[in-house]
Q: 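Quick one: the structure is below, and I'll ask about it shortly.
Just so you know, these numbers use all the heavy atoms, side chains as well, and skip hydrogens, waters and symmetry mates. All ligand and atom numbering here is 1-based and tracks the order in the structure. We count residues from 1, following the sequence as given.
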Amino acid sequence: MLFEPLSFGTLRLKNRIMMAPMATSFAQNDGLPQPEHLIHYASRALGQAGLIMLESTAISPSGRSVSHNLGLWNDAQKQGLRQINDTLHRLGSKTGIQLWHSGRKKENETTGETVLSASGLPFERRPRQAMNREQIANVVTEFKKAAHRAKEADFDVIEIHAAHGFLINEFLSPITNRREDEYGGGRRNRYRLLGEIVDAVKQVWTGPLFVRISAEEYHPEGNHVEDHVQYARWMKAQGVDLIHCSSGGILPEAPPVYPGYQVPYAERIRLAANIATAAVGLIETGKQAEEILRNGRADLIAIGRPLLRNPFWVAEAARDLQVELDAPRVYRPYWKQG
Ligand SMILES: Cc1cc2nc3c(=O)[nH]c(=O)nc-3n(C[C@H](O)[C@H](O)[C@H](O)COP(=O)(O)O)c2cc1C
């Protein structure tokens, strides 16, 4: 199944391998894509990843974690990303962009800068400000504007980053959301910001929409997979196509990890909320990926570090599964190039 196509509406992925979003730090202070981005992503497109999810990309300058994060808040950034997309598309991959606001986890704020967060809890002893309604409405609008630019930049998929303790996750999590207004309290209220962002994005975006979540927060008071089953049902009702099931990041402690440690979350959400899921995390071989797909535990397999180590990991997985992979045209023997 790993090498069978997967469709979302009119979008057809040639296989079920997605390059996981991974921050590169190649951008400069202006958030513009650099030649290094093109080389980095095009290598994985030559390597035949079906979907390349570009790294966490800030929706606004203040949504960055560090000054060299990629951004999509202006037209120059859009143009740069469009050029990357042109190349990746010519190489046969589909592309996605992960839209993101760092929230309280901002790393290198300038002195005196206001750092927005759900509840104003200090982060690593640095002050944070609870967002007021106007600031919340602004962030929703910035997600919508970035989604519109993503469309103009010719992306095939948008992924909203609602995982790893960043702004949207902060609102979802009872650990970091101590608000007393309609954005805090029970699940419905904690979900409100994500729900508003999904609705706003869908006003300008008709393509496949993914949302990345932290399905387990590794603390008794945090979100667990059953909370996310409920969120996923709401997302499905709003037209989200796939839940990308990661975990952790609200708390600094690293969870215990082992091969496929997050796969049970993708499986549970897929079955209970009846929505497509992507599995990610220490999936290292073609056979392991095939097991997940064949046993109905996920629809798409996201590969992170193995694709950093080896841009041609997809060929390795094909060998593992004894699948003959069509080489990109340029690499075929000349008599097969027609
Ligand atoms: C260098 C690096 C950068 C990452 N940046 C992001 C990111 O921008 N957005 C995100 O959601 N996850 C990010 N992640 C997490 C990966 O997407 C993935 O979930 C994680 O590496 C586990 O998958 P793996 O075992 O296949 O690497 C990053 C991981 C690495 C190693």
Q: In a check of side-chain hydrogen bond (donor to acceptor under 3.5 Å, both in side chains) between Asn169 and each of Glu217, His164, Arg104, which one passes?
A: Glu217
Q: Check whether more than 12 heavy atoms from other residues, nucleotides or ligands sit under 6.0 Å from atom NZ of Lys14, and answer yes or no.
A: yes
Q: List the steps, then state whether salt bridge (Lys or Arg N to Asp or Glu O under 4.0 Å) holds for Glu113 with Lys106.
A: CA-CA 11 Å; Glu113 183 185 353; Lys106 193 176 182 77; 3.5 Å; yes
Q: Taking side-chain contact (heavy atoms from CB on, under 4.5 Å) as the criterion, tell me which of Glu55, Arg212, His244 meets it with Gln98.
A: Arg212
Q: Any sub-3.5 Å donor-acceptor pair from Asp320's side-chain atoms to Gly286's backbone N or O?
A: yes
Q: Output the set of protein residues with a heavy-atom contact under 4.0 Å to ligand 1, ordered first by chain identifier and then by residue number.
A: Ala20, Pro21, Met22, Ala23, Ser56, Gln98, His161, His164, Arg212, Val280, Gly281, Leu282, Ile303, Gly304, Arg305, Pro306
Q: State plainly whether the residues Lys78 and Asp75 are in salt-bridge range, i.e. N to O under 4.0 Å.
A: yes
